[in-house]
Amino acid sequence: MSILDWIVLLGTLIFIVAYGVWKTRGSKNIEGYLLGDKSMKWWTIGLSIMATQASAITFLSTPGQAYHDGMRFVQFYFGLPLAMVVVSATFVPIFHKLKVFTAYEYLETRFDLKTRMFGALLFLIQRGLAAGITIYAPSIVLTSLLGWNLTFTIIFIGVLVIIYTVSGGTKAVSQTQKHQMAVMMGGIIFAGIIVLTYLPDNVDFLDTLRVAGKMGKLNVVTFDFDVNDRYNIWSGLIGGFFLAMAYFGTDQSQVQRYLTGKSVTESRFGLLFNGMVKVPLQFIILFIGVLVFLFYQFNPPPIFFNEPLRKEVYETEYAPSLKELEAAHHDVFMKKRLKIHELVDAFDTGDEQKIAALSAEVNGLEDEMKKLEDEAVTVIQKAKPEAETEDRDYVFLSFVMKHMPVGVVGLLLAVIFSAAMSSTSGELNALGSTTTIDFYKRNFAKEGSEKKYLVASKVFTLIWGLLAIAFAAFASLLENLIQAVNILGSLFYGTILGLFVVAFYIPRVKGTAVFIAALIAEAFVVYCFFFTEIAYLNFNIIGSVLVVVISLFIQLISGNEKKAVSS
Amino acid sequence: MTDNHEQPDRPPILGRWRNIYLVVMGNLAFLIFLFYLITVWFS
């Protein structure tokens, strides 16, 4: 990395953190610290919501997802705008009216203490682990590609976040997220424009897109109904809706963002802004992955994107095998490139038969390249059994490091760091709030002073920050980072959403019935995860539907028993 | 009434919240239609 890249990277990060700390110094009460004095405007809330959701994983994994699997991942977000409407219409006015600090406070108002504790506990487990992954995921990719020390990178991200999240609370989180979001949006659009300029001059842009289409990368909407398929329009609309409902309606890291709204209107507009912008933003990030894919149709791609690991294998006895595979991979690429140029020429002539034949040939050669890539992974696994060989998360950053101009590399690394910090700060802020309000204040210090709660909030936020760093430092890489976080969320979200759905919409169900139902539903979801092949997005539906149905059943039974006893 | 003495049923634009929700859902429908066209056109 050049000096200019370092200046851009560190300058951006330090400016955002310093400005956030300076701008939000001196919160004197708990409402100021945890809810930002309820003074936020809708655009701050909207950007803050988006920044909390957009972790570094979003920017590392998503282009790689498009590179390998095409655009269909965008369907995962189709349920989000619908959830924004429901949360705005139902959840926001009630949370504002009850003046809650956390979503789980409402569960005690509606049911009882044990249900509130259960909801809060599920959140703390799930979000506490996720906070560790949020720091760990970008750190492992950055360190393996840039040669940095992993522990140092984790501590660097963690400490920077802790500084402003602990000192300024929710206001600092929102202020910094606004700037971080600006860096993320600006950086990623700038990257997209640069990748566009790298496409060959002698090929029409529309024709390159047609090449991507013929190779199955512009499969934005797929209508095939398959419950085990993670990304199609049905799982996106239904599963994505339930996941987004759970995340935005019941996850304190998001609820806290819109509770800072000056009014119901500001909170609602913040959520709806996210509902309007999120799908196009994901489309853009995925499209950059497709552009990178197109770049590598005209320029030789590596057989394995994690270059440092590839170089480590060169030092082993498996080097000849890997080099042989690389040579074969390059040969097939050259043949494929020739066919792609022929395909582009065929587009101009409009000969559909020729286009179909050439498309089949290109896809056949692409499959050959994929086979060689799989063989290379097998060789790498033999040479380095301990190494992580999931390559998807390295595609974009590897491209950035190799092909982006000086300065832009620093900017894009700032994008990844900003994303890591913005989501982690939202998580730590929410973890600290829930621990303070739902556990400490509710159970151990009911009559404390404002100062006592303020200090407790800061201490708990600090402890969660240190735990996240510790978890990140000892975590091992999971199959695919973005999916790991989503799977983790889906294990608990269904049950939590079920609790809130019953709370909001089924007044006849009481605390004990919903509590038992939630325990059974959670046990069943965990069973499904370990012993069935059901796609993880469906856990949200299964969990929430089970809570609703079982709680209604238990309420009915217990109601009948009471009637029998009284009669 | 909310804590800020504001009528939550009266947004600053489009008269009613229902109309704003329709805009959000219409935007989603438009995007899905656009994505469908992209899928079909380039496949």
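A quick note: this is a predicted structure, and the numbers were derived from the prediction, not measured. Proteins come first, then strands; the chains are lettered A, B, ... in the order of their sequence lines, and each starts at number 1.
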_Centroid-centroid distance, B/Tyr36 to A/Phe223, less than 6.0 Å_ = yes
*Is the distance between the ring centroids of A/His341 and A/Phe298 under 6.0 Å?*
yes
Can you tell me which portion of [X] sits under 4.5 Å from chain B's heavy atoms? Options are side chain, backbone, both or neither.
X: A/Leu206; value: both
X: A/Ala89; value: both
X: A/Ser88; value: both

*So do A/Phe248 and A/Asn274 actually touch side chain to side chain, heavy atoms under 4.5 Å?*
yes
*Nearest-0.5 Å distance that lies between atom CG in A/Leu343 and atom OG in A/Ser359*: 4.5 Å
*Largest heavy-atom contact set with chain A, pairs under 4.5 Å, which of B/Leu34, B/Val40, B/Asn27*: B/Asn27
